[in-house]
Student: 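Please find one structure pasted underneath; my questions will follow.
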Amino acid sequence: MKSGHATRPTDSPTCRRPWLGSFCAAAAIWAYASSIGLAVGLAGLGRSAGLGIPVLAAFVLAMVVGTAMSVAAYRVLHPNRKAGSSVLLAGVLSISCVSLQSVLLREFSWLQLAFWSIGLVTIWAGRKLLVDVEFICTPPDTQFRNELPVTAVES
């Protein structure tokens, strides 16, 4: 057995999710591209939005959703115990950011629906990854340490 990385439970193949890392990376790239399109007016918010509002919305989309998805993709593709939490947080931030933007801007775009859907998928996958890392990737001798000891029942 190799020393170092091979002894960590999260390095097992069952803890890696390449599809989830690719999904988060694609969502991050799409968030950055959408923020550029939003800032220059290609993904328009309508004529009622002023000049500064799309730029601010684009900045928030890139910084909140793009950065969170980038961190989640990195942590999933380089497994550690915080990967599930990162994916879950990225999904929550995606839904929160897009919902807040639609309320504040009073405009609806197909991009908002798309990022809301991406957020739902990442929340589901992050929750599943948290459960898998806890129960599959933890060594059997430490898996149920938090359980109460079983005591004998007097008859």
Side-chain angles (χ1 to χ4, degrees), residues 5 8-139 142-148:
H5 297 297
R8 292 192 334 221
T10 55
D11 281 344
S12 71
T14 58
C15 293
R16 294 203 171 113
R17 303 285 191 275
W19 70 268
L20 182 57
S22 301
F23 182 80
C24 289
I29 292 169
W30 197 30
Y32 294 129
S34 297
S35 68
I36 292 170
L38 194 60
V40 298
L42 294 176
L45 289 173
R47 298 189 184 269
S48 63
L51 179 63
I53 292 178
V55 174
L56 178 63
F59 179 76
V60 170
L61 182 65
M63 290 298 108
V64 175
V65 179
T67 304
M69 289 290 181
S70 297
V71 169
Y74 178 80
R75 286 195 171 165
V76 169
L77 293 174
H78 299 91
N80 62 30
R81 291 204 173 272
K82 296 179 182 176
S85 300
S86 297
V87 173
L88 191 64
L89 180 65
V92 169
L93 286 174
S94 176
I95 289 176
S96 301
C97 176
V98 171
S99 298
L100 185 65
Q101 281 183 358
S102 65
V103 168
L104 292 177
L105 297 177
R106 295 185 191 115
E107 295 284 339
F108 185 76
S109 172
W110 64 271
L111 282 174
Q112 293 167 336
L113 183 60
F115 279 108
W116 203 77
S117 301
I118 287 171
L120 283 178
V121 170
T122 53
I123 287 172
W124 170 78
R127 179 67 184 130
K128 187 165 176 10
L129 184 60
L130 279 174
V131 170
D132 289 351
V133 166
E134 184 65 31
F135 291 109
I136 295 173
C137 303
T138 306
T142 62
Q143 204 170 44
F144 300 106
R145 276 196 187 159
N146 293 333
E147 286 186 355
L148 296 173

Student: As an exercise, state the distance from CD1 of Ile36 to CG of Leu61, rounded to the nearest 0.5 Å.
Tutor: 10.5 Å

Student: Which atom names give the shortest non-hydrogen contact between Cys97 and Val64, and what distance separates them?
Tutor: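 The answer is CB-CG1, 4.1 Å.
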
Student: Compare all side-chain heavy atoms of Val65 with those of Leu93 and state whether any distance is below 4.5 angstrom.
Tutor: no

Student: To the closest 0.5 Å, what do you measure between CG (Leu89) and NZ (Lys82)?
Tutor: 12.5 Å

Student: Do you know which two heavy atoms are closest between Val87 and Cys24, and how far apart they sit?
Tutor: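 Heavy atoms of Val87 and Cys24 come nearest at CG2-SG, 4.4 Å.
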
Student: What is the distance from atom CG of Leu77 to atom OG of Ser22, rounded to the nearest 0.5 Å?
Tutor: 6.0 Å

Student: Which heavy atom of Gln101 sits nearest to which heavy atom of Gln112, and what is that distance?
Tutor: C-NE2, 4.2 Å

Student: For a quick test of reading the model, state the closest non-hydrogen atom pair linking Ile95 to Ile123 and the distance between them.
Tutor: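 Closest pair (atom of Ile95, atom of Ile123, distance): CD1-CD1, 3.7 Å.
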
Student: Ser99 side chain to Ser96 main-chain N or O, any donor-acceptor pair under 3.5 Å?
Tutor: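 Checked: no pair found.
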
Student: Atom CZ in Phe23, atom CE in Met69: separation rounded to 0.5 Å?
Tutor: 6.5 Å

Student: Under 3.5 Å, is there a donor on one side chain and an acceptor on the other for Tyr32 and Ser70?
Tutor: yes

Student: Once rounded to the nearest 0.5 Å, what's the spacing between atom NE2 of His78 and atom OH of Tyr74?
Tutor: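 The distance works out to 5.0 Å.
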
Student: Would you list the atom pairs, donor with acceptor, under 3.5 Å between side chains in residues 113-122 and any protein atom, with sequence neighbours excluded?
Tutor:
unit_1, atom_1, unit_2, atom_2, d
Ser117, OG, Leu113, O, 3.0
Thr122, OG1, Gly91, N, 3.4
Thr122, OG1, Ile118, O, 3.0
Thr122, OG1, Gly119, O, 2.9

Student: Where do Leu38 and Ala58 come nearest, in terms of heavy atoms and distance?
Tutor: CD2-N, 3.7 Å

Student: Which heavy atom of Ala90 sits nearest a heavy atom of Ala72, and at what distance?
Tutor: CB-CB, 4.1 Å

